[in-house]
2 protein chains.
Amino acid sequence: MKSGQVTIKDLAKELNISVSTVSRALADNPLVKSTTKKAVMELAKKLNYQPNFTALSLRSNTTRTLGVILPQVVHDFFSQVLRGIEDIAYSKGYSVIICNTHESYEREVMDAKNLVNGRVDGILACVSKETKDFTHFQEFKDRNIPLVFFDCVVDDITTDKVIIDDHEAALIAVNHLISTGRKKIAYVGGPENLLISKNRYKGYKDALLEANIAFDENLVLHRETGDFKDGAGAVQDLLKKNVEIDGLFAATDLLAIGALKELKKAGYSTPRDVSICGFSNWKISEIYDPSITTVDQPGYNMGKISSNMLFKQIENKDANHKAETKVLKTSLVIRESTQI
Amino acid sequence: MKSGQVTIKDLAKELNISVSTVSRALADNPLVKSTTKKAVMELAKKLNYQPNFTALSLRSNTTRTLGVILPQVVHDFFSQVLRGIEDIAYSKGYSVIICNTHESYEREVMDAKNLVNGRVDGILACVSKETKDFTHFQEFKDRNIPLVFFDCVVDDITTDKVIIDDHEAALIAVNHLISTGRKKIAYVGGPENLLISKNRYKGYKDALLEANIAFDENLVLHRETGDFKDGAGAVQDLLKKNVEIDGLFAATDLLAIGALKELKKAGYSTPRDVSICGFSNWKISEIYDPSITTVDQPGYNMGKISSNMLFKQIENKDANHKAETKVLKTSLVIRESTQI
DNA sequence: TTGAAAGCGATACCAC
DNA sequence: GTGGTATCGCTTTCAA
């Protein structure tokens, strides 16, 4: 009973029976005499026995733990995804170990290495912005560790993926701006190398195309981040160019708000002069004054679907599993920033 | 080599040597002949051998893992705390398993039970709003599992704690409102049973006292949550009572913003008519229009200090450790909402 | 109905 | 230098 942990041995010794019997009794094995069983149960309760987690894991070669690798946790969207993951995991008696890479490639590699050695039964991952090399993820596949990508996925790795139809979402958002009579619509986007940025940008362009509005390179601003400051910076650049706009589609809510605040500084009112649409439906977009029209991403659902796919892999580890990609629909939330 | 995992046995068999030698070679033990060592190392690299985490844990009775129990992750403050914790943990080669209780007592108990069986080497915990019974935390102490509370702590359990001087922070914040000439200052607070709420409220009252401003019960509104909606609701109640205010101190930033927006609706401008101060310095308080004066909590530092205290406990597990409570200082960030 | 012993993957002590 | 074996805590055959 060293280090405060009561083991099955302690129970056996105390009751003068073998560890096998104790183990069986605790497992409520019908072979064990009911009096013995009762005695074991009672002592276990009395000494507050808890089976050692590590021993169980070693024996069963499972950890009842999922690993989640994601770039940020202070992020309304990811937090919803996490909730979805946790809800499914908890319902199956699994724990979740969250690795927060803080958008750092180095940290992501460390985290992956840390999870590769049998610490978890499966991995859910969303790759960071910085990541361009994916061998640390390939490692999971090589070791036959179940892996599901969500949101920011890796094309080169064949495994289950859950993504959002960013292209369609952007298309619908920009259509909405157009339908309210806007014609000179600017685009402010996040990191150009990200697939999600590319798709949102393409959605923007396609919406203009469909509406027969000429595409104008001058109205497009790709930024290094999806942050507030970059939204403001983008508008400054726009104003310097002296171009006229009456609408703005931003690839994140923070970009939208940064842009809005900067436009206001320059004397433009939203939605009157420039109507603005963001992306993600962060809480702030609801609270902001004016509230921001934005694309709602089904984060909770994405978490649930991803972990369900992961559990399917875990449960059929031997069977060869056909990788699947699920594309989730979004919806547009119309608020003050586009209501005229 | 079942389930894709290469073990020390596989290496031994392949090289026709014993597992002991392989183990020693991998540990770079000087007793091993260098040619043997080289052969082992090379084969290990070739087969991509990784020592099994669970076996290591069982052997050493340590998991090199910290458990963090907290009520929310989408929370600027907690996320900073987490970063502080992670930075220290990573630097010591530890992983962090985050249990997000979503402010639910039930979930908190589940999480605690889940961590009590040797899955982690120590626990960092911030209790949820709902929690009134603390036996699940006492369990850690009983089992001699290192435990540190941060932010929302449990008075009845003797262990290391890291808290913020909420009372002083509130005092300084309200002093600031008074110093800008405000005299009819309302208080909008979160759940009354929380220690942090009590202290912030007391800070508010003491600031008035010090300034010889009569305390007026009508200006005080305790709410069920610290959320945006409750801020708005509080102001609605205030307006119904037909009381005049020229300042407002809220126990959270979201309460502050909810109040501000509602006041604006009723025709009051901030800071001109009512200046407003929040608490926590969430990102939104910087971005909001107008930006919000608020109390900055040293979250990152709190995380670092907490985990350092935890490691001290882990490293001196046998020595009887004297519990300590650290109180961290805050600072006031003055922004537009109180600049006249 | 129960006990002895093997085994999960790794380390470390004791022989030789 | 190297191999055999006990051990960590638990489950599960195999024998009795």
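So that the names make sense, note that chain A is the first sequence line, chain B the second, and so on, each numbered from 1.
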**OP:** Show the numbers, then the answer: is there a side chain to side chain contact (heavy atoms under 4.5 Å, CB included) between A/Val6 and A/Asn48?
**Re:** CA-CA 7 Å; A/Val6 181; A/Asn48 214 340; 5.9 Å; no

Subject >> side chain to side chain contact (heavy atoms under 4.5 Å, CB included) between B/His136 and B/Lys113, worked out >> reply: CA-CA 7 Å; B/His136 52 298; B/Lys113 283 221 187 311; 5.5 Å; no

**OP:** Take B/Asp76 and B/Ser79 through the test side chain to side chain donor-acceptor pair (under 3.5 Å) and record every step on the way to the result.
**Re:** CA-CA 5 Å; B/Asp76 290 34; B/Ser79 112; over 6 Å; no

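Set against C/dT2, C/dG9, D/dG3, the side chain of B/Ser18 has D/dG3 as its closest nucleotide. Proximity note for A/Ile17 (side chain, C-beta onward) versus C/dA10, C/dG3, C/dC8: the nearest is C/dG3. Nearest to the side-chain atoms of B/Val32 among the listed nucleotides D/dC10, D/dT2, C/dT2 stands D/dT2. Of the candidates D/dG1, C/dG3, C/dT1, the closest approach to any side-chain atom of B/Lys33 belongs to D/dG1.
With rounding to whole Å, A/Leu56 atom CG is found 14 Å from D/dC8 atom C1'. The CG-P distance, from B/Leu11 to C/dG9, rounds to 12 Å in whole Å. To the nearest angstrom, P of D/dA16 lies 18 Å from CG of A/Leu31. At whole-Å resolution of the value, NZ in B/Lys37 and C1' in D/dG1 are 11 Å apart. Put simply, CG on B/Asn29 is 15 Å from C1' on C/dA10, counting in whole angstrom units. With rounding to whole Å, B/Ile8 atom CD1 is found 14 Å from C/dC8 atom P. Atom CG in A/Leu58 sits roughly 12 Å away from atom P in D/dT11 (whole-Å rounding). One atom, CG of B/Asn52, and another, P of C/dC8, lie 12 Å apart when rounded to the nearest Å.
In this structure, the side chain to side chain contact (heavy atoms under 4.5 Å, CB included) partners of A/Lys92, at least two apart in sequence or on a different chain, are A/Tyr94, A/Phe311, A/Glu315.
A/Asp160 and A/Gln313 share a donor-acceptor pair across their side chains, judged by distance under 3.5 Å alone. A/Ser128 and A/Arg107 share no side-chain donor-acceptor pair at under 3.5 Å.
Taking the screw axis at each terminus of the helix from C/dT1-D/dA16 to C/dC16-D/dG1 from five consecutive base pairs, the angle between the two is 60° to within rounding of 10 degrees.
The residue from A/Asn100, A/Thr131, A/Thr101 that alone fulfils the side chain to side chain donor-acceptor pair (under 3.5 Å) condition with A/Glu108 is A/Thr131.
When the shell of 6.0 Å around NZ of A/Lys304 is examined, it contains 12 or fewer heavy atoms from other residues, nucleotides or ligands. Dense packing is recorded around NZ of B/Lys141, with more than 12 heavy atoms of other residues, nucleotides or ligands lying under 6.0 Å away.
Taking only side-chain nitrogens and oxygens, A/Ser60 never comes nearer than 4.0 Å to OP1 or OP2 of C/dC8. Residue B/Lys9 has a polar side-chain atom (N or O) positioned under 4.0 Å from OP1 or OP2 of C/dC8.
Between the A/Asp10 side chain and the A/Thr7 main chain, a donor and an acceptor come within less than 3.5 Å of each other.
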Between the protein and nucleotides 12-16 of chain C, which nitrogen or oxygen pairs are less than 3.5 angstrom apart?
from, atom 1, to, atom 2, distance (Å)
C/dC13, N4, B/Arg24, NH1, 3.2

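With DNA chain D read from its 5' end, the first of the two nearest nucleotides for B/Thr36 and A/Ala55 is the one closest to B/Thr36.
Heavy atoms of B/Tyr49 sit under 4.0 angstrom from primed sugar atoms or phosphate atoms, though from no base atom.
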